[in-house]
Amino acid sequence: MSEGFLVKDSEILAYFLENLWSKGFKLTDEEVSFIYFGQKFTNTSVEHVKLALSFTLQLQMSFDRSFYISLLELFSRHNIQNKKEAILLLTQNGLMK
């Protein structure tokens, strides 16, 4: 595959954040910076960031920094690969019904 078709992780995350914005989730610049910081701090994948952010917003109804970091760590520790696995793990841990 040529480099012209490769999309960097930071671009994937930027598109995801832009999509959230278009759906009405207006994150501040500080919150967006913290999202990137959390990914670096926990050394997790973009997929884990997307899942953790989505579930943070869904379960907390706002961006909760400590909850987001906890989910990043949880998903990384359990090597979560997709939304279905994330839901199962969150249910097992009493975070979802």
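Along the sequence shown, residues are numbered consecutively beginning with 1. Note that the coordinates shown come from a computational prediction; the quantities given were computed from them, not determined experimentally.
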message: Can you give me the closest heavy-atom contact between Gly38 and Thr42, atom names plus distance?
response: O-OG1, 2.7 Å
query: Are any of the side-chain nitrogens in Glu11 or Lys8 under 4.0 Å away from the carboxylate oxygens of its partner?
result: no
Where at least one partner belongs to residues 51-67, residue pairs that pass side-chain hydrogen bond (donor to acceptor under 3.5 Å, both in side chains), sequence neighbours excluded: Gln60-Asp64, Asp64-Ser66
message: Please determine whether side-chain contact (heavy atoms from CB on, under 4.5 Å) holds for the pair Gln39 and Leu13, giving the CA-CA distance in whole Å, both sets of side-chain angles, and the decisive distance to 0.1 Å.
response: CA-CA 10 Å; Gln39 180 186 14; Leu13 186 50; 3.8 Å; yes
To the nearest 0.5 Å, how far apart are [atom1] in [X] and [atom2] in [Y]?
X	Y	atom1	atom2	value
Lys40	Leu72	NZ	CG	12.5 Å
His78	Leu74	NE2	CG	5.0 Å
Asp29	Ser33	CG	OG	6.5 Å

- prompt: Is the number of heavy atoms from other residues, nucleotides or ligands within 6.0 Å of CD (Gln92) greater than 12?
  reply: yes
side-chain contact (heavy atoms from CB on, under 4.5 Å) evaluation trace for Leu20 with Leu53: CA-CA 10 Å; Leu20 285 176; Leu53 182 54; 3.6 Å; yes
Pairwise side-chain contact, [X] with [Y], heavy-atom cut-off 4.5 Å (strictly under):
X	Y	answer
Ser76	Thr44	yes
Tyr68	Val49	yes
Ile87	Phe55	yes
Leu71	Leu95	yes
Lys50	Ile12	yes
Leu51	Asn82	no

- request: For the pair Phe75 and His48, name the ring-plane relationship: parallel under 30°, tilted 30 to 60°, perpendicular over 60°.
  value: tilted
- prompt: Which word best sums up how the rings of Phe34 and Phe63 line up, parallel for under 30°, tilted for 30 to 60°, or perpendicular for over 60°?
  reply: perpendicular
- prompt: Considering residues at least two apart in sequence or located in another chain, which fulfil the side-chain hydrogen bond (donor to acceptor under 3.5 Å, both in side chains) criterion with Gln81?
  reply: Asn79
